[in-house]
Undergrad: 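This structure is in structure tokens; I'll ask about it shortly.
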Amino acid sequence: MSIQERLKEIEEKIEHSCEKVGRNSGSVKIIAVTKYVSLETTKQTLDHGLIHIGENRAEGAVEKWDALHDRGIWHFIGSLQTRKVKHIIGKYEYLHSLDRLSLAEEVDKRLESGEKMKCFVQVNVSGEESKAGLSPGDVHSFIAQLSQFKGIQVVGLMTMAPFVEDPELTRPVFNQLRQLRDEVQALHLEHAPCTELSMGMSNDFTVAVEEGATFIRLGSALVGRE
Ligand SMILES: *Cc1c(COP(=O)(O)O)cnc(C)c1O
């Protein structure tokens with residue numbers, strides 16, 4: 001199947017999920033996760049009108065970024081070592097994996113004055129040991145502490161659900177992230193508008209959309225694997 005055919009099917013599924021819960025499908029943005037595919041396929045992805053590109057390796061995506069950066073909005077979705085922060089500053093508009101103060105501090109230090117990084121705080125809702133992110137119970141105090149960093153803007157929360165055969169089983173994870181997002185948003189913090197929810201991948205995005213995802217991150221189901 002071509003990217004175009006896959007995109008059409010995905011858009012129909014998003015539409016259907018939105019109808020089920022009375023959402024406007026325009027509020028769901030697709031991040032095309034291009035970490036498994038070539039520069040050429042990434043270019044085709046942009047040719048199909050997808051503008052949000054997700055990568056998870058700071059140095060691995062340099063070639064793609066150099067060739068295509070002015071055509072897309074770049075999202076860094078992988079775990080990020082503090083010493084690699086320098087590779088994403090000035091390139092990526094969004095960081096989806098903010099999970100510790102030392103990372104926030106390094107991002108803040110490397111930004112030009114007045115510049116801001118749009119960050120998602122990553123939450124390990126399911127509590128799986130293999131997953132990065134804060135425990136739900138630590139999210140409020142973590143976000144409060146981020147106010148000391150002028151360059152950090154918390155646009156939302158992000159999670160990865162456990163991989164399971166039946167995506168329905170991921171619903172409580174997405175629902176809990178949404179409740180946390182609502183709580184933070186209700187505080188009206190200047191540094192943390194927290195309006196967005198980055199959740200849902202190839203196997204579970206329909207459930208994530210039903211639970212309120214505003215950014216879904218799609219790799220294999222959309223651009224495939226090469
Ligand atoms: C790889 C990756 C994705 C996309 O995964 P697929 O299952 O291929 O859609 C989404 N989010 C993160 C954080 C990833 O690392």
Side-chain angles (χ1 to χ4, degrees), residues 27-29 31 52 54-56 58 73-162 170-201 208-209 211-217:
S27 61
V28 182
K29 293 169 284 292
I31 300 173
H52 296 282
E55 282 284 341
N56 70 342
I73 296 173
W74 294 70
H75 295 252
F76 194 85
I77 62 167
S79 12
L80 184 58
Q81 289 171 281
T82 306
R83 65 188 171 85
K84 298 211 168 157
V85 165
K86 55 179 179 286
H87 299 296
I88 74 153
I89 297 295
K91 295 187 165 157
Y92 288 80
E93 203 164 309
Y94 290 85
L95 171 63
H96 288 246
S97 52
L98 183 57
D99 61 356
R100 57 196 193 278
L101 288 175
S102 57
L103 181 58
E105 183 178 5
E106 180 68 10
V107 170
D108 186 56
K109 200 175 83 188
R110 298 226 168 234
L111 290 167
E112 306 266 338
S113 91
E115 232 184 334
K116 285 191 195 293
M117 177 71 89
K118 294 175 188 160
C119 298
F120 287 85
V121 169
Q122 184 168 356
V123 187
N124 185 1
V125 177
S126 64
E128 277 181 294
E129 244 171 64
S130 61
K131 295 259 185 329
L134 292 144
S135 299
D138 294 336
V139 169
H140 279 288
S141 66
F142 179 71
I143 290 179
Q145 290 177 78
L146 291 174
S147 67
Q148 67 188 291
F149 305 114
K150 295 285 160 275
I152 302 291
Q153 190 188 27
V154 181
V155 296
L157 304 182
M158 178 273 213
T159 200
M160 285 174 84
T170 59
R171 190 179 294 280
V173 170
F174 296 140
N175 188 273
Q176 200 183 333
L177 195 73
R178 182 203 182 130
Q179 285 179 36
L180 256 182
R181 190 278 313 265
D182 291 348
E183 287 169 24
V184 177
Q185 190 182 1
L187 299 174
H188 299 291
L189 302 170
E190 200 184 325
H191 72 290
C194 206
T195 52
E196 310 289 339
L197 279 173
S198 169
M199 59 189 197
M201 301 174 28
V209 168
E211 293 298 325
T214 62
F215 282 99
I216 56 176
R217 308 178 308 267

Undergrad: What's the spacing between Leu197 CG and Thr159 OG1 if we round to 0.5 Å?
TA: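 OG1 of Thr159 is found 10.0 Å from CG of Leu197.
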
Undergrad: State, with a plain yes or no, whether a side-chain heavy atom of Thr214 is found less than 4.5 Å away from one of Ser27.
TA: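 No - every pair of side-chain heavy atoms lies 4.5 Å or more apart.
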
Undergrad: List the residues meeting side-chain hydrogen bond (donor to acceptor under 3.5 Å, both in side chains) with Thr170, not counting sequence neighbours, and say none if there are none.
TA: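 For Thr170 there are no side-chain hydrogen bond (donor to acceptor under 3.5 Å, both in side chains) partners, ignoring immediate neighbours.
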
Undergrad: For Ala104 versus Ile152, what's the shortest heavy-atom pair and its separation?
TA: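 Nearest pair, atom of Ala104 first, then Ile152: O-CD1, 3.7 Å.
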
Undergrad: Rounded to the nearest 0.5 Å, what's the gap from CG on Leu157 to CD1 on Ile143? Could you check?
TA: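 Rounded to the nearest 0.5 Å, the CG-CD1 separation comes out at 5.5 Å.
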
Undergrad: Grab the two heavy atoms, one from Ile77 and one from Ser97, that are nearest each other, plus how far apart they are.
TA: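 Ile77 and Ser97 have their closest heavy atoms at O-CB, 4.4 Å.
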
Undergrad: Verify side chain to side chain contact (heavy atoms under 4.5 Å, CB included) between Leu177 and Met158, making sure each step is shown before the conclusion.
TA: CA-CA 8 Å; Leu177 195 73; Met158 178 273 213; 5.6 Å; no

Undergrad: Please report the shortest heavy-atom distance between Met199 and Ala213, naming the atom on each side.
TA: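 Shortest heavy-atom separation between Met199 and Ala213 comes out as O-CB, 3.3 Å.
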
Undergrad: Working to the nearest 0.5 Å, report the span between NE2 of His52 and CD of Glu93.
TA: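 Going from the NE2 atom of His52 to the CD atom of Glu93 covers 8.5 Å.
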
Undergrad: Could you state the interatomic distance from CG (Leu98) to CG (Leu103), rounded to the nearest 0.5 Å?
TA: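 The CG atom of Leu103 is 5.5 Å from CG of Leu98, to the nearest 0.5 Å.
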
Undergrad: Please enumerate all residues that pass ring pair (Phe, Tyr, Trp, His ring centres under 6.0 Å) together with Phe174, with sequence neighbours excluded.
TA: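 With neighbours one apart ignored, the set is empty.
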
Undergrad: Side-chain contact test, heavy atoms from C-beta onward, threshold under 4.5 Å: evaluate it for Leu134 versus Asn124 and give yes or no.
TA: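 Contact flag for Leu134/Asn124 side chains = no.
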
Undergrad: Is any side-chain heavy atom of Leu101 closer than 4.5 Å to one of Leu146?
TA: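 When only atoms from C-beta onward are counted, Leu101 and Leu146 do touch, with a gap below 4.5 Å.
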
Undergrad: Could you report the tightest heavy-atom contact between Glu55 and Tyr92, atom names first, then the distance?
TA: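 Scanning both residues, the minimum pair turns out to be CB-OH, 3.6 Å.
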
Undergrad: Could you give the distance from SG (Cys119) to CD (Glu196), rounded to the nearest 0.5 Å?
TA: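 Output value for this atom pair is 13.0 Å.
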
Undergrad: Using 30° and 60° as the class boundaries, would you call the ring planes of Phe120 and Phe215 parallel, tilted or perpendicular?
TA: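 Plane angle over 60°, so perpendicular.
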
Undergrad: Checking Gln179 against Asn175 for the side-chain hydrogen bond (donor to acceptor under 3.5 Å, both in side chains) test, could you report, in this order, the C-alpha distance in whole Å, the side-chain angles of both residues, the deciding distance, and whether it holds?
TA: CA-CA 6 Å; Gln179 285 179 36; Asn175 188 273; 2.7 Å; yes

Undergrad: Got Gln185 and Thr195 here, is their nearest side-chain heavy-atom distance under 4.5 Å?
TA: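 Yes, side chains in contact.
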
Undergrad: Nearest 0.5 Å, please: how far is NE2 in His191 from CD in Gln153?
TA: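 Nearest 0.5 Å value for the CD-NE2 distance: 10.0 Å.
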
Undergrad: I want to check something: taking the side chain as every heavy atom from C-beta on, are Lys118 and Leu95 in contact at a cut-off of under 4.5 Å?
TA: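 No. Closest side-chain heavy atoms not under 4.5 Å.
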
Undergrad: Taking side chain to side chain donor-acceptor pair (under 3.5 Å) as the criterion, tell me which of His96, His75, Gln122 meets it with Ser198.
TA: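 Only match with Ser198 under side chain to side chain donor-acceptor pair (under 3.5 Å): His96.
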
Undergrad: Taking all non-hydrogen atoms of both residues into account, name the closest pair between Arg83 and Lys86 and its distance.
TA: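 For Arg83 versus Lys86, the nearest heavy atoms are O-NZ, 3.0 Å.
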
Undergrad: Answer whether the closest heavy-atom distance between the side chains of Met201 and Ile216 falls below 4.5 Å.
TA: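 No, too far: nothing below the 4.5 Å cut-off.
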
Undergrad: According to salt bridge (charged side-chain N to carboxylate O under 4.0 Å, His left out), who are the partners of Glu211, at least two apart in sequence or on a separate chain?
TA: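 With sequence neighbours excluded, Glu211 shows a salt bridge (charged side-chain N to carboxylate O under 4.0 Å, His left out) to Arg171, given in chain and number order.
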
Undergrad: Could Lys109 and Glu105 be called an ion pair, given the rule that one side-chain N must be under 4.0 Å from one carboxylate O?
TA: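 Not counted as a salt bridge, because no side-chain N and carboxylate O are separated by less than 4.0 Å.
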
Undergrad: So does Lys150 get a backbone contact from the side chain of Lys116, meaning a donor-acceptor N/O pair under 3.5 Å?
TA: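 Looks like yes, one N/O pair under 3.5 Å.
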
Undergrad: Would you indicate whether the side-chain heavy atoms of Ile88 and Arg110 approach each other to under 4.5 Å?
TA: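 Of all side-chain heavy-atom pairs linking Ile88 with Arg110, none is under 4.5 Å.
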
Undergrad: State whether a side-chain donor-acceptor pair under 3.5 Å links Arg100 with Thr82.
TA: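 There is such a pair (donor and acceptor under 3.5 Å, judged by atom type) between the side chains of Arg100 and Thr82.
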
Undergrad: Provide the closest heavy-atom pair for Val173 versus Pro162 in the form atom of the first, atom of the second, distance.
TA: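 Closest pair (atom of Val173, atom of Pro162, distance): CG2-CD, 4.1 Å.
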
